[in-house]
Protein chains: 2
Amino acid sequence: MARQVTGSAEVAEKLAVAIHEHRLPPGTKLNEDEVGEIFGVSRTVVRAGLQQLAHEHLVDLKRNRGAFVAKPSVREAREVFEARSLLEPTTARSAALRAGKADIAKLRAHVEAEHAALAEGDDGRALHLSGTFHTEIARIAKQDTIAEFITQLVSRSSLIIALYWERRAALCESHAHDALIRALESGDADEAEAVMKSHLLDLYTSLDLRDAPSQPRTLKEALTG
Amino acid sequence: MARQVTGSAEVAEKLAVAIHEHRLPPGTKLNEDEVGEIFGVSRTVVRAGLQQLAHEHLVDLKRNRGAFVAKPSVREAREVFEARSLLEPTTARSAALRAGKADIAKLRAHVEAEHAALAEGDDGRALHLSGTFHTEIARIAKQDTIAEFITQLVSRSSLIIALYWERRAALCESHAHDALIRALESGDADEAEAVMKSHLLDLYTSLDLRDAPSQPRTLKEALTG
DNA sequence: TGAACAAGCTTCGTATACAATCAAAGGCAA
DNA sequence: TTGCCTTTGATTGTATACGAAGCTTGTTCA
């Protein structure tokens with residue numbers, strides 16, 4: 001508690017990571033006083049952070065009711081992946097044309113860390129790393145504007161996975177990311193685009209877009225864990 | 001003044017329209033007290049609105065300095081149109097497959113209003129309508145997520161136009177929007193996609209991406225006008 | 001026994017107050 | 001006169017206080 005955080009951006013970031021790592025399940029109430037106490041800031045700062053997350057569709061702000069971790073609908077889930085399918089393949093293509101040795105190394109380290117997290121059973125962290133991998137691609141493509149959209153879509157995808165994905169065992173155990181790195185390394189733009197496209201399709205078809213379970217926990221437990 | 005506005009969303013919306021209509025040029029300082037007085041709300045509400053606009057890249061929030069209407073860089077200008085070229089053509093295709101009579105009528109009315117505004121010399125309003133036309137397409141395509149992105153990109157495009165577009169005379173005098181409506185009406189998806197793509201390219205190539213002028217005005221004058 | 005109403009409590013929405021920071025103006029010395 | 005430093009004014013960042021809205025729970029009446 002009282003981790004003494006400066007500024008609303010940091011609050012938003014910490015909450016976003018917790019959401020992305022499934023430590024804060026969809027539907028969780030985010031009490032302003034409680035969050036403020038945990039981070040050692042006043043409600044003013046917390047509110048600003050929550051508003052930022054609301055803009056990113058990570059939390060739902062209900063008037064006079066409070067903030068809740070968002071629960072994307074089936075419709076929204078489809079739209080998110082539709083948007084990703086428009087943005088990411090072309091971005092992967094661009095990245096293939098620009099990726100340097102340093103970029104490739106960074107991506108490899110990224111996948112490395114993801115596998116390590118999986119190995120030690122930290123599924124949440126693995127999922128988060130798996131997501132930021134996509135953001136990294138956009139960064140390599142030197143498209144900050146698109147990268148920001150993708151970052152948001154990836155976060156929302158994490159919520160969608162929390163709600164609609166049952167077979168977590170296969171959590172990105174697919175070697176799509178490895179294949180993507182190889183395509184980027186060899187500068188094969190067509191291949192990179194194709195791999196990304198099929199990777200996204202894989203993700204999408206592995207969703208069970210029918211029901212919406214959820215298992216809430218206490219806020220403090222999730223955040224300090 | 002003291003138009004007695006409720007909530008930060010309304011403040012953000014009014015400022016966004018003013019920016020979109022070029023009544024608030026890039027670089028304009030948005031003083032919190034001043035904006036609050038104009039709308040009859042406290043700084044708390046104004047700040048929330050400004051944060052929202054910052055998230056949409058319409059204003060720049062500089063720590064301890066205040067809020068300023070954003071001045072997109074040349075790099076950002078390119079990225080915005082790159083993103084639009086990824087999202088909008090495909091969305092226009094979708095819209096062509098879904099557009100009903102009511103949708104077409106609404107679009108026609110939209111273009112109508114745009115021409116009327118041009119006729120009476122209200123270039124700002126014409127520009128705004130020209131932009132929301134694109135948002136409307138996304139709405140018809142029933143893609144709210146993508147529509148939100150496009151809305152943001154359109155607003156940013158307006159700032160880009162304010163900075164980098166000299167030949168305002170040709171302000172969407174092109175009949176691209178008419179052609180688009182015809183394609184949607186006949187359900188010709190290929191044509192809709194092609195027209196949108198070339199329309200965006202037209203816009204992009206009409207920019208002079210070299211310098212960045214600006215002519216500030218007083219805040220109150222722009223908002224109450 | 002069950003449903004409806006009401007009182008109390010919790011939580012949010014907004015305003016205001018105070019502290020921190022920055023920028024510009026003024027003074028001093030070279 | 002010019003350059004630098006100090007000081008002062010203005011504006012933002014954060015905290016807190018107060019009013020409003022919603023949820024909960026306990027009671028009452030059918």
Side-chain angles (χ1 to χ4, degrees), chain A residues 1-15 24 26-55 57-71 214 216-223, chain B residues 1-15 24 27-71 214 216-223:
Chain A
M1 309 71 295
R3 285 264 337 264
Q4 200 48 34
V5 149
T6 86
S8 60
E10 203 161 336
V11 172
E13 174 65 17
K14 286 199 190 304
L15 286 172
L24 287 173
T28 306
K29 172 83 185 286
L30 299 173
N31 183 286
E32 294 179 355
D33 281 321
E34 200 172 352
V35 175
E37 182 145 4
I38 290 171
F39 290 123
V41 295
S42 81
R43 280 181 53 219
T44 307
V45 177
V46 173
R47 280 178 70 81
L50 289 175
Q51 280 174 342
Q52 179 180 332
L53 293 177
H55 291 147
H57 296 277
L58 290 186
V59 312
D60 231 16
L61 247 41
K62 303 188 181 176
R63 182 171 179 95
N64 287 321
R65 296 273 324 277
F68 302 82
V69 177
K71 297 205 295 189
S214 84
R217 258 195 276 171
T218 77
L219 177 57
K220 185 173 238 172
E221 183 187 16
L223 281 176
Chain B
M1 322 342 50
R3 288 261 339 263
Q4 199 49 36
V5 148
T6 85
S8 60
E10 205 161 335
V11 171
E13 174 66 19
K14 287 198 189 304
L15 285 171
L24 287 172
T28 306
K29 172 83 184 288
L30 299 173
N31 183 287
E32 295 180 355
D33 280 322
E34 200 171 352
V35 174
E37 184 145 1
I38 291 172
F39 290 123
V41 293
S42 80
R43 279 181 54 217
T44 307
V45 176
V46 173
R47 281 177 71 81
L50 290 176
Q51 280 175 340
Q52 179 178 332
L53 294 177
H55 194 260
E56 297 166 16
H57 296 276
L58 290 186
V59 313
D60 232 15
L61 246 42
K62 303 187 181 177
R63 183 172 178 92
N64 288 321
R65 298 272 326 274
F68 302 83
V69 177
K71 298 205 295 191
S214 85
R217 256 196 278 173
T218 77
L219 177 56
K220 187 174 238 173
E221 183 187 15
L223 281 176

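Naming convention: chains lettered A, B, ... in sequence-line order (proteins, then strands); numbering from 1 in each chain.
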Could you walk me through whether B:Gln52 and A:His55 pass the side chain to side chain contact (heavy atoms under 4.5 Å, CB included) test, one step at a time? CA-CA 7 Å; B:Gln52 179 178 332; A:His55 291 147; 3.3 Å; yes
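Nucleotide D:dT16 holds its P atom 16 Å from the CZ atom of B:Arg43, rounded to whole Å. Rounded to an integer number of Å, the gap from B:Asp33 CG to D:dG13 C1' is 13 Å. Distance, B:Leu50 CG to D:dT11 P: 15 Å, rounded to whole Å. Going from atom CZ of B:Arg47 over to atom P of D:dA15 covers 12 Å, rounded to whole Å. Note: CG (A:Asn31) to P (D:dG22) measures 17 Å, nearest angstrom.
Residues of residues 57-67 of chain A having a heavy atom closer than 4.0 Å to DNA chain C, listed by number: A:Arg63, A:Asn64, A:Arg65, A:Gly66.
Counting heavy atoms from C-beta on, the side chains of A:Leu24 and A:Leu30 come closer than 4.5 Å.
In this structure, CG on B:Leu15 lies 11.0 Å from OG on B:Ser8, to the nearest 0.5 angstrom.
Among the nucleotides C:dT14, D:dT12, D:dT14, the one closest to any side-chain atom of B:Thr44 is C:dT14. Side-chain proximity of A:Val41 to the nucleotides D:dA15, C:dT14, D:dT12 is greatest for D:dA15.
Remark: B:Ala70 pairs with B:Leu159 by the side chain to side chain contact (heavy atoms under 4.5 Å, CB included) rule, at least two apart or across chains.
Summarising the geometry of A:Glu32 relative to A:Arg47, their closest heavy-atom pair is OE2-NH1, 2.8 Å, with the distance given to 0.1 Å.
OP1 or OP2 of C:dA15 lies within a sub-4.0 Å distance of a side-chain N or O belonging to B:Ser42.
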Please output the side-chain donor-acceptor pairs of residues 57-67 of chain B that fall under 3.5 Å, not counting sequence neighbours, one pair per line with the distance.
unit_1  : atom_1 : unit_2   : atom_2 : d
B:His57 : NE2    : A:Glu148 : OE1    : 2.8
B:His57 : NE2    : A:Glu148 : OE2    : 2.9

